[in-house]
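So you know, we letter chains A, B, ... as the sequences are listed, proteins then strands, and number each from 1. Just so you know, these numbers use all the heavy atoms, side chains as well, and skip hydrogens, waters and symmetry mates. For clarity, every value in this text was computed on a predicted model and none was experimentally measured.
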2 protein chains.
Amino acid sequence: MTTLNKKHYHHGDLTKSLLESASAIIKDHGVESLSMRKLADIVGVSRTAPYHHFKDKNALLCALAEEGFYEQGKILGRLRAEQNTAQESFKKYVNAYLEYALQHSEIYDLMYGRTLWKAGNPSDSLKAASKHTFKSWIEWVEELQHQKILPNNNTPLRIGQTTWASLHGLARLFIDGIYLDKADLSEMIEQMIENVCTHTKA
Amino acid sequence: MTTLNKKHYHHGDLTKSLLESASAIIKDHGVESLSMRKLADIVGVSRTAPYHHFKDKNALLCALAEEGFYEQGKILGRLRAEQNTAQESFKKYVNAYLEYALQHSEIYDLMYGRTLWKAGNPSDSLKAASKHTFKSWIEWVEELQHQKILPNNNTPLRIGQTTWASLHGLARLFIDGIYLDKADLSEMIEQMIENVCTHTKA
DNA sequence: ATTCTATCTTGACAGTGTCAAAATAAACTG
DNA sequence: CAGTTTATTTTGACACTGTCAAGATAGAAT
């Protein structure tokens, strides 16, 4: 087990294969149509093989969600690194956040949804990833407050909580199929930004 | 079948009993722990008896959600009927909305969540109930715009969509167990109102 | 070559939603 | 009242789920 190379047995890297296939399945058919047995079958392995790589289904989903946090973090981090005005930067962030949420809606649901956080049992590393994401968001909120983009009438935590809640709410309405007409999305985003920012206020 | 009285067979009104028991179960243990079989058992009837009153599980959940719309509508309607300043009225509405969402979180989830709207199959009457609720919300938004409570920089529909999304997002974060500390709630509500309203703006 | 360990499979169990067919209970019709 | 129709409920069955325990196998370590 000291070897790093994992090309053993008739399946190169089951852990990875499982995550990839699972990700594809939920992307195409939704998380409720993902079963451990079908997944094993698709990957070409017996029903219980996955259980040697993930404690249970919940653990597999946690791993997927965690991947989501890293990917989302990369996207949003890259964006913040760009040289933009603070205002532009924030605008792009909001757009990118919603784009990610809608394009990876099933992963987003795992990251921030009931399945894992309430009905399920979020793993420690998932909780850590989520906490890290939130923390760095709050730090940026503080910057944005100094730059007068976000309001100063409350702590970074509160402002961060509420503006994130707003984005999240918008994302959810589309993801959950309550709002369907995505043509309206960009206008809603625009309006949401106006609600949440300081300087655009009437 | 012309008789209105439904006290037939050894079970007075199965439909009603099923809804009540189901409601109690999800309130206490979450919707994922509701099974048709256990429900039948608790009500004291065979496994498949419920299927003569509800086409399937989805239909039963739709009925529960629909009840939720009526109850929520009553609460919020009563509130709007009170004699308050528009500002007070809106504030109370927001608070009542979130109070309902958190106190009936499982029903709220059925009303506005993925289970029925995306993963499931919302019944026509559920869709109607939801549409009606939304429509009357938008009408009120228009009033609030005239009263300068909500901003006039966009149509009632857009303002209604975004402010509702904000409330919904806040509700969801608590319901789904992402935010846990309900002590923070009232401060967040306060801040959210500031974000969303016109006249309190800095 | 032998022991050890990581990986995988087979078998099993309890649980799920729900269909089809049979049984029963009440309502309607003569 | 008797006989038929309709509303309600039950029993049996099927395919599917997550996951545990025990055994088989393949590779690593000695």
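- Comparing C:dT18, C:dG11, D:dT10 by their nearest atom to the side chain of B:R37 picks out C:dT18.
- Regarding A:L39, its CG atom lies at a distance of 14 Å from the C1' atom of D:dT17, rounded to whole Å.
- Atom-to-atom, CG of A:D56 to P of D:dT19 comes out at 5 Å; the value is rounded to the nearest Å.
- Between the CG atom of B:L60 and the C1' atom of C:dT16 there is a distance of 15 Å, given to the nearest Å.
- Following rounding to the nearest Å, B:D41 (CG) and D:dT10 (P) show an atom-to-atom distance of 11 Å.
- Within the nucleic acid shown, A:L34 comes within 4.0 Å of sugar-phosphate atoms alone, with no base atom in reach, counting heavy atoms only.
- Rounded to a whole Å, the CE atom of B:M36 is 14 Å from the C1' atom of D:dT9.
- Under 4.0 Å is where a charged nitrogen must lie from a carboxylate oxygen, and between B:E106 and A:K118 at least one such pair does.
- Nearest to the side chain of A:L14, among C:dC8, D:dT19, D:dT10, sits C:dC8.
- Side chain A:T48 to base C:dT10: a donor-acceptor pair is found below 3.5 Å.
- Between A:K55 and A:K38, the residue anchored closer to the 5' end of DNA chain D is A:K38, taking for each the nucleotide with the nearest heavy atom.
- A salt bridge does not link A:R158 to B:E190: none of the charged side-chain nitrogens sits closer than 4.0 Å to a carboxylate oxygen.
- Using cut-offs of 30° and 60° for the angle between ring planes, the A:Y179 and A:F174 rings count as perpendicular.
- Distance A:R47 CZ to D:dT19 P: 15 Å, rounded to the nearest Å.
- Here the side chain of A:N152 pairs a donor or acceptor atom with the backbone of A:Q145 at under 3.5 angstrom.
- Of the charged side-chain nitrogens involved, none lies within less than 4.0 Å of a carboxylate oxygen, so that A:R114 and A:D109 do not count as a salt-bridged pair.
- Listed pair B:H53 / D:dA7 fails the phosphate criterion, with no side-chain N or O lying under 4.0 Å from OP1 or OP2.
- B:Y51 has its OH atom 10 Å from the C1' atom of C:dC19, to the nearest Å.
- B:F54 has its CZ atom 12 Å from the P atom of D:dT9, to the nearest Å.
- Between the side chain of B:H52 and the base of D:dT9 there is at least one donor-acceptor pair of N/O atoms closer than 3.5 Å.
- Using a 4.0 Å heavy-atom distance criterion, B:S35 is classed as a sugar-phosphate-only contact.
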